[in-house]
Amino acid sequence: MMNNKQMLNQPSEQLNALAHSFEHGLEIGQHYVKLLTKLAQTEDAHDLLTATNDLVNLDLEDAFVKFPQHYQTADYYLLLMGRLLEMHANAEFKITEDPTSHRFYATISSLGEKVLFHFIKDAEGNAAFTDVNDNEPIFSLNLKHQMLRFNNKALVNYFIINGLKKYSDLDLRSAIKPLLLFAQALHDDLNFVIDRGILGTSNQQHYDLAQPELSLTVIDRLFVATAETDYMLFNLPKNNGAELRLERQVNLDLSFDPDDYSQQWFFSVQDPDAQVSFFDLLLHYQLIRDWYLSNRDELAVKSDPLMFADDEQVEQDETITDEPVLEDDEKID
């Protein structure tokens, strides 16, 4: 009587085992093709997200079936971004495939065709959107936890410090629009939690400083800087900071809540239409930009990374109502 090992040594059993292995590999390939087709063709945002998630988690390695070409995991994030913007009639953000590496890259029309963007994925499932020539994570995206967070430090470094050396403020504002549109689409279509950071325009938004304390000499320096301008700096009524009054009833406050024992300092922007962000003020006003950058160690706005302790904690965190998501009055024109 033959044992199992002897049976597997029979030619018929070996052929059957090989056939099953090929079938399994081909099934993976068929599933991969279906996902790619859905990613390329669907007009439903939820199907688009599902296909992207499945592609990100799909293992194409197979001992019997070798796929001659498939994309990198980070490429699917860029394809998701491109398709979602396409569904929202974006014309400024375009994706192309490098014919040699078969990697996908994005361009933004106001920055020109030589500036390329891609995603870099980390081990925690966060994908950072960045220029291929630097390491500034302009925003980070997590599909599992459905969150997008702009990085305040990277926004200042990339657009304010480096960007203004090459482009006008209007060009840079145009470059930001498709990024904000993507965030808005994720929020509106897929209920993502969005943190716009210094791009947020709500009058109620606080841009918290990274440093817990602030020397009043920093505010004095702004007062001196306004001496030869038409802008006026005023002390707030409760002596808890100062207010810089600009054109069109737009004000920039640097203050703390006198009723908050922590006395956390923060910037806030007040304007009648709730359309101006702190980023806009840095971009358009040299007075504010020079003062901020000269005192950046003290004035830097906090940048919180995407961090998830565990699924249970994230579910609790996502019930918080003061998360800075996109409001109706913050939507992109």
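Count residues from 1 along the sequence.
- The aromatic rings of Phe129 and Phe139 lie parallel to each other, with less than 30° between the two planes, well short of the 60° mark.
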Could you list the donor-acceptor pairs under 3.5 angstrom formed between side-chain atoms of residues 283-290 and any protein atom two or more places apart in sequence or on another chain?
residue : atom : partner : partner atom : Å
His284  : ND1  : Asp169  : OD2          : 2.8
Tyr285  : OH   : Glu247  : OE1          : 2.4
Gln286  : NE2  : Asp290  : OD2          : 3.3
Arg289  : NH1  : Leu282  : O            : 2.9
Arg289  : NH1  : Leu283  : O            : 3.0

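- In this structure, Ser303 contributes its side chain and Lys153 its backbone to a donor-acceptor pair below 3.5 Å.
- Between the side chains of Asp257 and His206, not a single donor N or O lies within less than 3.5 Å of an accepting N or O.
- The environment of CG in Asp230 is sparse: at most 12 heavy-atom neighbours from other residues, nucleotides or ligands sit within 6.0 Å.
- Taking 4.0 Å as the cut-off between side-chain N and carboxylate O, Glu86 and Lys94 do not count as a salt-bridged pair.
- For the pair Pro178 and Leu85, the tightest heavy-atom approach, listed with the atom from each and the gap, is O-CD2, 3.5 Å.
- Scanning for ring pair (Phe, Tyr, Trp, His ring centres under 6.0 Å) contacts around Phe104 gives Tyr71, with sequence neighbours left out.
- For the atom pair Ile95 CD1 and His118 NE2, the distance stands at 13.0 Å (nearest 0.5 Å).
- With hydrogens and angles ignored, the 3.5 Å screen pairs a side-chain donor or acceptor of Asn152 with a backbone N or O of Ile198.
- Here the shortest heavy-atom pairing between Phe223 and Thr226 reads O-OG1, 2.7 Å.
- In this pair, Tyr292 and Phe278 present their aromatic rings perpendicular. The plane angle is above 60°, beyond the 30 to 60° band.
- Of the N and O atoms on the side chains of Asp131 and Tyr158, at least one donor lies less than 3.5 Å from an acceptor on the other residue.
- When all heavy atoms are compared, the tightest approach of Gly125 to Tyr77 is O-OH, 3.8 Å.
- A donor-acceptor pair under 3.5 Å links the side-chain atoms of Tyr167 to the main chain of Leu111, judged by distance alone.
- Glu213 CD: 12 or fewer foreign heavy atoms inside a 6.0 Å radius.
- Asp260 and Ser262 are linked by a side-chain donor-acceptor pair at a separation below 3.5 angstrom, with hydrogens and angles left out of the test.
- Closest heavy-atom contact between Leu254 and Ile219: CD2-CG1, 4.0 Å.
- When all heavy atoms of Arg296 and Asn157 are compared, the closest pair comes out as NH1-OD1, 2.7 Å.
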